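Structure, as C-alpha cells:
Computed from a prediction, not measured in an experiment: that's the story for all the values here. Throughout, residue positions are numbered sequentially from 1 according to the sequence presented.
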Amino acid sequence: MDNDPKRNYLITGAPQCPYPDHYLGPERPGSGLEDAGQLVDHLYIQFYNNYCHTGAGKWFINTLNQWLAFSKRMKPKGPLIFIALPAATRASSGAQYYRPPDELTAMYQVGQIFKGIGGIMLWDVSLDQNNVING
C-alpha cells in the first residue's frame with residue numbers, strides 16, 4: 001500500500017460494542033487495536049446483539065464514550081467511530097436491537113453531538129432494501 005500512488009485504502013474493523021472487544025481489544029497488549037489502533041481509519045462498532053445496544057440507555061452512551069476515548073488517544077489520529085445497527089429485525093438476534101426510521105433519525109442527531117463519530121452503518125444492505133415500512 002505504501003507504494004501505491006493512489007493511496008485509496010481504508011483500514012477498518014468491526015468489533016462488538018463491549019469495550020474492549022474480546023478479540024480486537026484495545027486495552028490488551030498484543031491485540032490489534034492496542035498495537036496498531038493508530039493505523040485504523042474506521043471502526044464499525046456493532047451496537048446490537050449485546051448489553052450495550054443503542055436502546056440500552058446509559059450502557060450505550062457509556063460504551064460509546066469508551067470507544068470515542070480510545071479513538072482520541074490514538075496519535076496522530078484515531079479511527080472514526082461508526083454506530084453499526086441492524087437494517088431490519090432479521091439482521092440481529094432480536095427485534096429489540098432494531099431501530100425504526102424515527103429512532104434512527106434521533107440516533108443520527110445524537111451522533112452529530114459527539115466528536116469522532118463518522119456516521120451510522122447498517123447491516124446489511126439486502127435486508128435494508130427489503131425492509132418495507134408503511135408500504
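Ser71 contributes atom OG, which lies 11.5 Å from atom CD of Gln38 (distance to the nearest 0.5 angstrom). Residue Trp123 holds its CH2 atom at 7.0 Å from OH of Tyr48, rounded to the nearest 0.5 Å.
Remark: the backbone N or O of Gly30 is paired with a side-chain donor or acceptor of Asp35 at under 3.5 angstrom. Put simply, the side chain of Arg90 never gets that close to the backbone of Ala87: no donor and acceptor are under 3.5 Å apart. The backbone N or O of Thr63 sits nowhere less than 3.5 Å from a side-chain atom of Asn65 that would complete a donor-acceptor pair. Judged purely by atom type and a 3.5 angstrom limit, Arg28 uses its side chain to pair as donor or acceptor with the backbone of His22. The backbone N or O of Leu24 lies less than 3.5 Å from a partner atom in the side chain of Asp21, making a donor-acceptor pair. At distances below 3.5 Å, not a single donor-acceptor pair connects side-chain atoms of Thr12 with backbone N or O atoms of Leu43.
A single hydrophobic cluster is seen to contain both Phe47 and Met107, as judged by linkage of ILVMFWY side chains at heavy-atom distances under 4.5 Å, directly or through other members. Each of Leu80 and Leu122 belongs to its own hydrophobic cluster when Ile, Leu, Val, Met, Phe, Trp and Tyr are linked at side-chain heavy-atom distances under 4.5 angstrom. Cluster membership check: Ile61 shares its hydrophobic cluster with Ile113, using side-chain heavy-atom separations under 4.5 Å among Ile, Leu, Val, Met, Phe, Trp and Tyr. Follow the hydrophobic side-chain contacts under 4.5 Å out from Met74 and you reach Ile81 in the same cluster. Criterion: ILVMFWY side-chain heavy atoms under 4.5 Å apart, direct or through other members. Under it, Leu39 and Tyr9 are not part of a common hydrophobic cluster.
The closest side-chain heavy-atom distance from Cys52 to Phe60 is not below 4.5 Å. Side chains of Ile83 and Ile45 form no contact here, defined as non-hydrogen atoms less than 4.5 Å apart. The closest side-chain heavy-atom distance from Pro15 to Trp67 is below 4.5 Å. Leu85 places none of its side-chain heavy atoms less than 4.5 Å from the side chain of Met121. Phe70 has its side chain within reach of Leu33: a pair of non-hydrogen atoms, C-beta onward, lies under 4.5 Å apart. Annotation: side chain of Phe82 is not in contact with side chain of Ile117 (no heavy-atom distance under 4.5 Å). You'll find the side chain of Glu27 reaches within 4.5 Å of the side chain of Tyr19, heavy atoms only. With a 4.5 Å cut-off on side-chain heavy atoms, Lys77 and Asp41 count as touching.
Using a 3.5 Å distance cut-off with no hydrogens or angles, the side chains of Tyr23 and Gln16 do not pair a donor with an acceptor.
Pairing each heavy atom of Gln46 with each of Asn49, the nearest pair is NE2-ND2, 3.4 Å. Residue Asn50 comes nearest to Cys17 through the heavy atom pair CB-SG, 3.5 Å, listed as atom of the first residue, atom of the second, then distance. Summarising the geometry of Pro26 relative to Glu34, their closest heavy-atom pair is CB-OE1, 3.3 Å, with the distance given to 0.1 Å.
Counting heavy atoms of neighbouring residues, nucleotides and ligands inside a 6.0 Å radius, atom CZ of Phe114 exceeds 12 of them.
Between Tyr97 and His53, the angle of the ring planes goes over 60°, which puts this pair in the perpendicular group of the 30/60° scheme.
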